[in-house]
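Computed from heavy atoms alone, side chains included, the values below leave out hydrogens, waters and symmetry copies. In this text the structure is predicted, and so the values were computed from the model without any measurement.
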Amino acid sequence: GNSVTQMEGPVTLSEEAFLTINCTYTATGYPSLFWYVQYPGEGLQLLLKATKADDKGSNKGFEATYRKETTSFHLEKGSVQVSDSAVYFCALSAYSSASKIIFGSGTRLSIRP
Amino acid sequence: EAQVTQNPRYLITVTGKKLTVTCSQNMNHEYMSWYRQDPGLGLRQIYYSMNVEVTDKGDVPEGYKVSRKEKRNFPLILESPSPNQTSLYFCASSLNSGNNEQFFGPGTRLTVL
């Protein structure tokens, strides 16, 4: 079946450090891939998405590239800020069943000033 | 303001006492979904609805019911809550499928004693 695996947290970095949060997936067909972010006490918000192989999603300095050969969608940011502290979720929506969304377990990110 | 609202935000109840969590969206979205969020497990889809009067099971539907009589509302019903349904619940909506950006409500924290 379809699944998403994220690197476990928590991840703690200093401000201006480089961030990578790993995400790999298992899916039949050609899924769409998403990163959502959850700030404390809030619901999830879409951060970025990619719908086909080699697409790069980007938003707010974050990027992720859809790699079909490695079934990965790693989230990166060149210089993190304290305001990036949140929980990040990788998710997929399989082409064969666009109604069902599979989320990863989430990665908590804390940025030190 | 475009939004998804949930009520109540917090609820403490006892085993077996029927409860309903309401969800409403004002974006004319066709697709709505319920998730539960548990530590280490990420978000798991409970039920979803592709349109009025069309609902289907997600990955963890046992112990829950939903209805979609109007486009804007998608209540979650727990007929006989049990302690293992203690969780953080999120309602979400999107334009016409899970493949599109989902907009999340603020969450309902439920405790079943």
Side-chain angles (χ1 to χ4, degrees), chain A residues 1-10 21-27 29-52 55 57-60 66 86-108, chain B residues 2-7 9-10 21 23-25 27 29-51 54-61 66 68 74 87-109:
Chain A
N2 300 330
S3 66
V4 174
T5 302
Q6 284 182 239
M7 65 185 287
E8 291 195 17
I21 300 178
N22 290 336
C23 172
T24 57
Y25 68 90
T26 302
Y30 303 93
S32 293
L33 301 173
F34 307 85
W35 277 100
Y36 281 85
V37 59
Q38 183 181 31
Y39 298 104
E42 298 183 11
L44 281 71
Q45 307 171 25
L46 180 67
L47 181 60
L48 53 85
K49 67 183 275 190
T51 57
K52 61 183 188 297
D55 265 2
S58 61
N59 187 23
K60 299 182 181 180
Y66 189 141
V87 181
Y88 292 82
F89 291 91
C90 186
L92 72 82
S93 172
Y95 178 80
S96 60
S97 177
S99 312
K100 297 187 74 171
I101 316 303
I102 308 296
F103 283 86
S105 57
T107 302
R108 182 175 298 278
Chain B
Q3 60 182 348
V4 178
T5 56
Q6 294 178 228
N7 281 293
R9 294 289 311 279
Y10 302 91
V21 183
C23 172
S24 183
Q25 50 92 7
M27 296 169 279
H29 284 168
E30 292 184 351
Y31 179 94
M32 297 185 75
S33 183
W34 276 103
Y35 299 89
R36 59 178 290 173
Q37 182 179 14
D38 302 291
L41 297 176
L43 271 75
R44 293 178 292 169
Q45 195 169 32
I46 302 171
Y47 269 94
Y48 61 93
S49 170
M50 297 291 285
N51 213 327
V54 180
T55 63
D56 211 343
K57 297 177 181 178
D59 291 318
V60 288
V66 293
R68 188 93 182 272
F74 191 46
S87 187
L88 180 59
Y89 291 87
F90 288 100
C91 180
S93 73
S94 68
L95 188 61
N96 52 22
S97 81
N99 232 357
N100 294 302
E101 175 181 1
Q102 292 195 67
F103 293 82
F104 282 79
T108 295
R109 186 166 292 282

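With a 4.5 Å cut-off on non-hydrogen atoms, B:Gln6 does not touch chain A at all. Looking at A:Gln38, only its side chain comes within 4.5 Å of chain B, counting heavy atoms on both sides.
The nearest pair of heavy atoms linking B:Gly40 to A:Ser105 is O-CB, 3.5 Å.
Annotation: B:Arg9, atom CZ; neighbour count of heavy atoms from other residues, nucleotides and ligands within 6.0 Å is above 12. Residue B:Gln3 qualifies as enclosed at atom CD: its count of foreign heavy atoms under 6.0 Å is above 12.
Taking CD of B:Gln37 as the reference point, atom CZ of A:Phe89 lies at 4.5 Å (rounded to 0.5 Å). Within the model, atoms CG of B:Leu43 and CD1 of A:Ile101 stand 11.0 Å from one another, a figure rounded to the nearest 0.5 Å.
When A:Leu44, A:Leu46, A:Leu92, A:Val87 are compared by the number of non-hydrogen pairs under 4.5 Å with chain B, A:Leu44 comes out ahead.
Scanning for salt bridge (charged side-chain N to carboxylate O under 4.0 Å, His left out) contacts around B:Arg44 gives B:Asp38, with sequence neighbours left out. Considering only residues two or more places apart in sequence or on other chains, B:Phe104 meets the ring pair (Phe, Tyr, Trp, His ring centres under 6.0 Å) condition with A:Tyr36, B:Tyr35.
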